[in-house]
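As the structure is a computational prediction, the values presented were derived from the model and not from experiment.
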Amino acid sequence: MTNTRFDARHTTMIIVGGWCLVLFSILFAGITILIDNLVQTQTMLYSMEQHNLFKVAAGSGTIRVLLTLYALTPLLLIPGAVGAFYTFIDPHEANMRVGMYFATAGALALCLSLLMLPSINWHLSTYISRLPAPDQPELIVLLQSFHSYLGVFVGDLLGFGCLLIWFFITSFVMLRSPAVPHALGVIQLIIAICAALILLFRYSYLVPDAHMNVQAPGVMALWIFITGISLISLRKE
């Protein structure tokens with residue numbers, strides 16, 4: 001083991017951060033599955049797929065609460081990033097500090113993006129469905145704009161992009177740190193590369209259907225889960 005600058009507060013923060021990462025990955029995946037199952041039982045209002053948007057279901061109050069909880073889960077990544085920072089603070093303080101800043105920015109951007117679902121998207125979709133067809137185009141364009149800005153640019157590009165930078169920084173630090181097995185750093189780096197490639201293929205349209213079978217958020221949740229377990233189980237001398 002290497003010399004470290006841990007004290008009791010740092011150890012507690014590492015454990016808390018690890019549990020936050022594990023909790024995020026479980027909630028993120030679990031709520032996604034739960035919402036998908038609930039939506040299947042809802043009446044479909046209409047489809048906006050021809051407008052490059054989505055199918056709109058008559059969501060219930062329960063679904064809206066779940067969407068709100070879902071949007072707030074990325075905040076758990078912030079204490080998780082702090083825990084990872086303290087884990088590898090010596091001798092990689094500069095690298096991990098930069099990674100922690102990117103993780104914080106990514107978590108806030110993702111949270112802001114997902115909050116669009118139970119708020120702006122909820123109200124506009126409900127209102128558009130009640131309008132006569134000739135009166136819908138203007139609001140559909142507005143909804144497309146919100147979806148493009150908050151969903152794609154803020155959520156996917158800024159949010160997931162910043163998180164991926166944190167993933168790569170942390171993975172490379174794991175490769176160089178004797179505090180964790182070298183194989184763990186290799187696994188985390190491979191997962192981060194896979195997530196980055198999925199996002200690249202999705203928005204470059206090189207492989208249009210690549211994201212239909214393997215979702216980048218699911219791959220990223222796997223990286224976060226493994227990192228959380230590692231922080232919880234890590235023992236420093």
Side-chain angles (χ1 to χ4, degrees), residues 20-21 24-25 27-29 31-32 35-36 48-56 67-78 80-82 84-85 95-122 124-125 140-173 188-225 227:
C20 285
L21 294 179
F24 165 81
S25 59
L27 287 176
F28 198 76
I31 295 177
T32 299
I35 291 176
D36 286 343
M48 301 185 74
E49 292 178 313
Q50 70 272 24
H51 302 292
N52 198 28
L53 288 172
F54 33 68
K55 292 181 179 179
V56 179
L67 286 172
T68 303
L69 178 61
Y70 181 71
L72 295 176
T73 54
L75 295 178
L76 292 170
L77 295 176
I78 297 176
V82 175
F85 166 74
N95 295 335
M96 292 307 299
R97 187 179 296 278
V98 173
M100 181 176 62
Y101 292 155
F102 273 105
T104 301
L108 293 176
L110 190 58
C111 181
L112 180 63
S113 172
L114 293 176
L115 281 172
M116 173 187 66
L117 297 176
S119 57
I120 296 173
N121 181 75
W122 189 276
L124 279 178
S125 298
I140 288 176
V141 171
L142 181 62
L143 187 56
Q144 284 177 321
S145 301
F146 280 121
H147 178 260
S148 178
Y149 178 68
L150 291 175
V152 177
F153 288 95
V154 174
D156 290 354
L157 298 183
L158 179 60
F160 287 143
C162 287
L163 290 179
L164 279 174
I165 293 174
W166 175 50
F167 286 6
F168 280 109
I169 291 175
T170 305
S171 298
F172 280 117
V173 168
Q188 294 297 77
L189 182 59
I190 292 174
I191 295 175
I193 292 173
C194 289
L197 288 176
I198 293 172
L199 285 176
L200 176 63
F201 290 150
R202 177 175 182 178
Y203 292 110
S204 64
Y205 298 101
L206 295 175
V207 186
D209 297 328
H211 65 284
M212 298 300 294
N213 299 320
V214 182
Q215 295 288 337
V219 177
M220 297 175 76
L222 176 62
W223 188 97
I224 293 169
F225 180 81
T227 301

Separation between CD1 of Ile35 and CG of Leu67, rounded to the nearest 0.5 Å: 4.0 Å
Exercise: do Gln188 and Thr170 side chains pair donor with acceptor under 3.5 Å: no
Verdict with supporting geometry, Ile224 and Phe167, side-chain contact (heavy atoms from CB on, under 4.5 Å): CA-CA 9 Å; Ile224 293 169; Phe167 286 6; 3.7 Å; yes
From Leu114 atom CG to Asn121 atom CG, the distance as rounded to the nearest 0.5 Å: 11.5 Å
Worked check of side chain to side chain donor-acceptor pair (under 3.5 Å) between Ser25 and Trp223: CA-CA 9 Å; Ser25 59; Trp223 188 97; over 6 Å; no
Audit row: Leu108, Ile78, side-chain contact (heavy atoms from CB on, under 4.5 Å) steps and yes/no: CA-CA 9 Å; Leu108 293 176; Ile78 297 176; 4.1 Å; yes
Qualifying residues under side-chain hydrogen bond (donor to acceptor under 3.5 Å, both in side chains), relative to Ser119, sequence neighbours excluded: none
Sidechain-backbone polar pair: Thr73 side chain, Phe28 backbone, donor-acceptor under 3.5 Å: no
Phe102 atom CZ, over 12 foreign heavy atoms within 6.0 Å: no
Leu76 and Leu27: CA distance, side-chain angles, deciding distance, side-chain contact (heavy atoms from CB on, under 4.5 Å) verdict: CA-CA 10 Å; Leu76 292 170; Leu27 287 176; 4.2 Å; yes
side-chain contact (heavy atoms from CB on, under 4.5 Å) evaluation trace for Met220 with Leu164: CA-CA 8 Å; Met220 297 175 76; Leu164 279 174; 4.1 Å; yes
Contact check, side chains of Phe153 and Leu158, non-hydrogen atoms, under 4.5 Å: no
